[in-house]
Number of protein chains: 2
Amino acid sequence: MTVSNVVNKRFGSMGKDVRAEVERAISELGYRPNASGRSLRLAKRFSIGMVVVDESPTFLADAFITRVVAGLSNYLSQRDYGLVVQGMSARTLPQSALVRRHETDALCVLMSGPASRRRRLLERLAKPGHPVVVLQDVGSDSDGVISIRQDDFGGARELAQHMLSRGGRDFVFMAPDVEWPAIEQRIAGVTSALQGDARSTFAVVNCADGGFSDSQAAIARYVAQSGWPNAIMGGNDQMGISALKWVIDQGLRVPEDILVSGFNAFDTWQYTQPMLTTVISPAYEMGASAGAAILDMLEGNLPSERHRLFPVKLQPGGST
Amino acid sequence: MTVSNVVNKRFGSMGKDVRAEVERAISELGYRPNASGRSLRLAKRFSIGMVVVDESPTFLADAFITRVVAGLSNYLSQRDYGLVVQGMSARTLPQSALVRRHETDALCVLMSGPASRRRRLLERLAKPGHPVVVLQDVGSDSDGVISIRQDDFGGARELAQHMLSRGGRDFVFMAPDVEWPAIEQRIAGVTSALQGDARSTFAVVNCADGGFSDSQAAIARYVAQSGWPNAIMGGNDQMGISALKWVIDQGLRVPEDILVSGFNAFDTWQYTQPMLTTVISPAYEMGASAGAAILDMLEGNLPSERHRLFPVKLQPGGST
DNA sequence: CTGAAAGCGCTTACAG
DNA sequence: CTGAAAGCGCTTACAG
């Protein structure tokens, strides 16, 4: 009825006095429209789910994820959509209310784990008419599934080239034991750069959860077994900083004796002494872009790009 | 009808064969219940809003907030509730769809800004039958509003006492220009400790956004004007680390020449050289506790505590 | 320009 | 034990 038109600001076809009367009643009674009724009628929930498939309960602690969520959430609120955030292990994902019930209009997912499992989870999440944006992974070719990644391969290759030019020869890459596709891409990028230099060597060390103690222990173990590398690349800034500190504690000079780098910088790279050479991530913009792509698909448009790749930026510091 | 009972797992009053038949049809058709219909009928949205009132678009970048949200989100998903996350400036809050429409069953809020504005926003958010949990602030006395804080006052007092015992005399506290009630509590705690030592001095320096450059610039300005303090307390770890690095860059020794501390540690305190003395925050547990309190109130129970205070833990490092 | 009616999908009280 | 009916609050097509 007319009231509905006032609430939704379609004043085209009513008298001024009618509009004023309805508005008075609304504010007087403190009326607020019920979102469930609206959702049921329009068959839209006006909310998007952000799912982080990670075994760790502090799935939001990572700086990259944090920026993605902020960018996505801000974009969506501006368009009057809500963002439902949920971290979960691969095991519990299918039972989650978010996917079991029909609680969101679309999903944005960030998945860890083996590629085969990621593919399987994705198939389960993609429903007809329910778009899915995969972040930091290649996604799939199904309709309604698009992917948004940053150029981890290119960034890592450029970083490795930079370190080669600074005298890097024997490289170690620090990776967490959880399989994140972005980390795999970084390793591939480094490998690609090092292939250009026949004298170089390359090893990947497993840093367990990637936290401070695990990372330092992993590097220490590697050095004890295989001797000193002269270039250590952290899979992310956290691991890079852990290594940087440990190396200095051992009495080595950075960058004279050994080069150290991170990846996915936000601002912690400035906090070390020397400042960490790293790669800057456009995570916030990726989140916002995911939001725009999702709403676009919900409006029935075909996505302009099925796979979007964001450039990253090398940030040289004093550690290389 | 019976189908509804099967979906909701109430098998009490039906034949085995009927149940099997319905379950077969459900899986065959790929039926998933529509959450809007359910929400409308039950007058519950099964979702809670987390609102961060902050002018910065990267409202989630802070480590404390990140842990709170993770704890809350995990607790709620386990109880089949969703968490809608939204950061916004005080100005845009009233127009937000989250509050304008009736989109959540309850709200959890974390507010910055002057106390009077925080009180005003809270009044606007608290609706009858719509519980609000205020984090890191005292909240209000209205029914349906409870508060959950950590003991910033006590933690800061203990930290200041520790630094006094290590020779601290001329104290500087680094605060961001945004008014967060937790920071005010920390300043009050330090003030309380220093009152026990008549020779001590205390100044608060404004570090603008609390980032690396602003923090270092603020300390440099202070030192140029007022000379060297011998104890610098960061309002949080980020500011503490910025100061630590700047002080060392100036050629001073920590802790011999000057003591430095942080606050609200998660793991970055380990990343500095020397390790930062700081105070450990139970942010994750606070988030989970907020979730439990909210669902309890939604079930119609009166909150067992209107104002809950979590203890914090002094973490002495090499910087004091 | 305005108002009465239908129907979205669910759950629950009720009749058989 | 099972099924038909009512109604949650909204929007939209339709009749006046």
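In what follows, every chain begins at residue 1, and chains take the letters A, B, ... in the order their sequences are listed.
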Under 4.0 Å between a Lys/Arg side-chain N and an Asp/Glu carboxylate O for B/R306 and B/D143?
yes
Both distances under 3.5 Å, Watson-Crick or G-U wobble: on that basis, could you give the dot-bracket string for DNA chain C, with [ ] for crossing pairs and | for other-strand partners?
|||.||||||||.|||
Using atom CZ of A/R45 as one end and atom P of D/dC10 as the other, report the distance to the nearest whole Å.
15 Å
Rounded to the nearest angstrom, tell me the gap between atom CZ in B/R41 and atom P in C/dC8.
17 Å
Salt bridge (charged side-chain N to carboxylate O under 4.0 Å, His left out), that's the test. Do A/E184 and A/R149 meet it? Break it down for me.
CA-CA 13 Å; A/E184 287 160 18; A/R149 292 179 301 147; over 6 Å; no
With the side chain of B/L40 defined as its heavy atoms from C-beta on, choose the nearest nucleotide among D/dC10, C/dC10, D/dC8.
D/dC8
In whole angstroms, how far is the P atom of C/dG9 from the NZ atom of B/K44?
23 Å
Out of D/dT12, C/dG9, C/dT11, which nucleotide sits closest to the side chain of B/L42?
C/dT11
Would you compute the distance between atom CG of B/D137 and atom CH2 of B/W180 and round it to the nearest 0.5 angstrom?
10.0 Å
For B/L298, the option from B/N301, B/I294, B/D296 that meets side-chain contact (heavy atoms from CB on, under 4.5 Å):
B/I294
For A/R32 and D/dC10, what is the distance between atoms CZ and P respectively, to the nearest whole Å?
12 Å
Taking every non-hydrogen atom, the tightest pair across A/L110 and A/Q136
CD1-CB, 3.9 Å
Looking at B/F46, I'd like to know if the NZ or CZ of B/R38 sits under 6.0 Å from its six-membered ring centre while staying within 45 degrees of the ring's axis.
yes
Find the distance B/N34:CG to C/dG9:C1' and express it as a whole number of Å.
5 Å
N/O (side chain, B/R38) to phosphate O (OP1/OP2, C/dT11) under 4.0 Å:
yes
